[in-house]
Structures are given as C-alpha cells and as structure tokens.
Amino acid sequence: MTMTETDNMRMVSWNVNGIRARWPRLMELLTCEQPDVVCLQETRCSEWHFPSERLREMGYRSRHSPGSQQGGGVAILVREDHPITERSVELDHQRDIAEGHWIELTTEGITIVSVYVPAGAGAGELSDAGKLAFLEAVARHACNEHSRPLLIAGDFNVCPTDEDLAPGALSPTDALVRPESRGRFHRLLWDGLTDAVRAVHPHGAVYTFWDYQAGAWQKNNGIRIDHLLLSPQAADRLISVEIDKAMRGRDKASDHTPIRVELAA
DNA sequence: ATGCCGGGTCCTACCCGA
C-alpha cells in the first residue's frame, strides 16, 4: 500500500492550529506524501473530537495528548506499516505532558517527540518562568536520551537568533526573542542536538510562522519558531530538510508551515 | 497596534492566541 521508493524515514512536523480546521490540508498531505511519521502541534481538540478513526482509515495510527488549555494539544501519526513502541515518558514536567505539550513514542528504533512550548509572558497561559522551566526539562530529557536516535519536533516558541525573524516582526522584548528563552534553546544545541534546518541552511531568512494579522504573510514578516532537533545518531542519518512555505499561501492555511525531514534508513 | 485574523465554544458573541 505504501508508495515509498526507499526505506528512508520521511517525517513532517506541523503546528496545524486546529486539526479540524486543517483537516482538508492534512488529508491531502497524508494522501500525497504518505510520510512515515507526522508530528502535530496545537491540535486544539479533546480526545473525543480527535479524528483517530479517520486517520486509521487513511493508514495512520495516532497518539494524541489533548491540551487542557486553548493552544495546546500534540499528536504523533505513524504509518501503519511501522511498529510503535510506547515508552514511559521520562520528561520530568508531568504537567506539560498532562496539558498536551509533549508526546513521544518510538518507531523503527528512533524516538520521536512532538512538543509545543507555550509562548510565555505576553501571550499564552504559561508564565515566562513556566516556559523556561519546561525548556530546561526538555534539555535534561535530551541529555538522558543523547545516546539514542532521537527527533524532537515542534513549536518551541523561540526565535534562536536575529536571523530567525523579519526585521520588526517582533518587539525586541518579546518572549520569543528574550535572551532567557534563547539561552534555554541554545543549551539544547550545546548539549549536542542538531538544529536540522540550520544544518542544511546555515544562514538566511528561513521562516516557519507568519501571523494572520497585519498582512504579515504578504510582507514576509515571518519568524522561525518551529524546529527539528536531532540527537547525534539521528543527525548522522540526515538526508534533507524542507520548509513547506507554499502551504502558508494555501486557502485555509495554518499560520505555521510544515517542516519535512528525511533520515537515511 | 496586544488583537488588524482565525480558531475555539458557553453557537453568532465572546475568549484566546505567537
């Protein structure tokens, strides 16, 4: 049933901003590309509303952690020809697991995480301190898992450097660019995770989010806050990375674009 | 310009968000 030409793992991460609102786009993506794994963020629905049956009919098993607040909710879809090994989640921020900010599983020997880090002070339900503590828990987790093949994909709500936002897209004091947020993100890289997008495009304006408001998309006032982080064993298998900018221009688009990564078998 | 769009729900009027 699969149309893959190689045994490479093709994965997509996408903050859909509502899985029900994005259903036609998501269905298209699954049908056309048949990726091995899809990480979703901001599903914005209860377990009851989550379309697990329809996903199953399309050949995907799903694991969903619904958000207890607006904005949360993360999921991982795995094509049915791949086995899923559930793991006891060791992130020491149980609250963030419970609130649908973190979900993980293992398939084909690689541990996959879909993460949503709330924006922090100025927006979202988590205080800035809560956001920073969550990022620190992610770093501790990454250290523990460092020797395994690991992909952490999602919306970190951190613009890592000034290259990662259009001039004027955010206020200089914004929680997405504050040194405290950036420091926590850079810690993940210093600890040995590879920022897959920057591994392939080391410099330049590469964005993953354009606000719905103020013509941000038309003016290319974008920011890069969605990231794919790879442990050394996963980074060694990196074949390609693509930010699907065209998706942002489609009808009924999410304000975030999908990011694709391909890892060698 | 924190709310210009868009998603959610307490269903048509709010609340919330990157």
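Chain identifiers are assigned alphabetically (A, B, ...) following the order of the sequence lines, protein sequences preceding nucleic acid strands; residue numbering begins at 1 within each chain.
Side-chain nitrogen and oxygen atoms of A:Lys252 include at least one within less than 4.0 Å of the OP1 or OP2 phosphate oxygen of B:dG7. Between A:Arg20 and B:dG6 there is no side-chain N or O to OP1 or OP2 distance below 4.0 Å.
Each of A:Arg22 and A:Leu176 was matched to the nucleotide of DNA chain B holding its nearest heavy atom; the match closer to the 5' end belongs to A:Arg22. A residue-by-residue look at A:Gly18 and A:Asp255 shows that A:Gly18 has its nearest nucleotide of DNA chain B further toward the 5' end.
You'll find that the side chain of A:His49 is closest to B:dT9, out of B:dT9, B:dG7, B:dG17. With B:dG8, B:dG3, B:dT9 as the candidates, the nucleotide lying closest to the side chain of A:Asp211 is B:dG3. The side chain of A:Gln213 lies closest to B:dG3 when the candidates are B:dA18, B:dG8, B:dG3.
Between the CD atom of A:Glu42 and the P atom of B:dC16 there is a distance of 15 Å, given to the nearest Å. Atom pair A:Gln218:CD and B:dC4:C1' shows a separation of 12 Å (rounding to whole Å applied). In this structure, the CH2 atom of A:Trp210 is 16 Å from the P atom of B:dG6, given to the nearest Å. In this structure, the CZ atom of A:Arg248 is 14 Å from the P atom of B:dA18, given to the nearest Å. Note: CG (A:Leu170) to P (B:dG17) measures 17 Å, nearest angstrom. Regarding A:Arg224, its CZ atom lies at a distance of 16 Å from the C1' atom of B:dA18, rounded to whole Å. Computed from coordinates, the A:Asn15 CG to B:dG8 P distance equals 12 Å when rounded to whole Å. Look at CZ on A:Arg250: it is 22 Å from P on B:dC5, rounded to the nearest Å.
Within the 4.0 angstrom heavy-atom criterion, base atoms lie near A:Ala214. Contacts of A:Asp174 with the nucleic acid, taken as non-hydrogen atoms under 4.0 Å apart, include base atoms. Contacts of A:Ile223 with the nucleic acid, taken as non-hydrogen atoms under 4.0 Å apart, are absent.
To the nearest 0.5 Å, atom OG1 of residue A:Thr43 and atom CZ of residue A:Arg20 are 9.0 Å apart.
In DNA chain B, the stems built from three or more successive Watson-Crick or G-U pairs (distances below 3.5 Å) are B:5-8 with B:14-17.
Taking 90° from 0 as the syn/anti boundary, the base of B:dC11 is oriented syn.
Residues in residues 159-170 of chain A take part in these side-chain hydrogen bond (donor to acceptor under 3.5 Å, both in side chains) pairs, two or more places apart or across chains: A:Thr161-A:Asp164, A:Asp162-A:Arg182, A:Glu163-A:His203, A:Asp164-A:Arg198, A:Asp164-A:Arg224. Legend: ring-ring contact (aromatic ring centres under 6.0 Å, His included) pairs involving residues 146-190 of chain A, not counting sequence neighbours, sorted by first then second residue: A:Phe156-A:Phe185, A:Phe156-A:His227, A:Phe185-A:His227.
Under the 3.5 Å distance criterion, with hydrogens and angles disregarded, a donor-acceptor pair is assigned to the side chains of A:Gln41 and A:Ser13. No side-chain donor from either of A:Thr208 and A:Thr257 sits under 3.5 Å from a side-chain acceptor of the other.
A cation-pi geometry, defined here as NZ or CZ lying under 6.0 Å from the six-membered ring centre and within 45° of its normal, does not hold between A:Arg25 and A:Trp14.
The gap from the C1' atom of B:dA13 to that of B:dA1 amounts to 23 Å, rounded to the nearest Å. On the C1' atoms, B:dT12 is 26 Å away from B:dA18, given to the nearest whole Å.
Checking A:Phe209, A:Trp210, A:Tyr212 one by one against A:Trp217, the ring-ring contact (aromatic ring centres under 6.0 Å, His included) holds for a single residue, A:Trp210. Tested against A:His141 for a side-chain hydrogen bond (donor to acceptor under 3.5 Å, both in side chains), the candidates A:His93, A:Glu104, A:Glu136 yield a single pass: A:Glu104.
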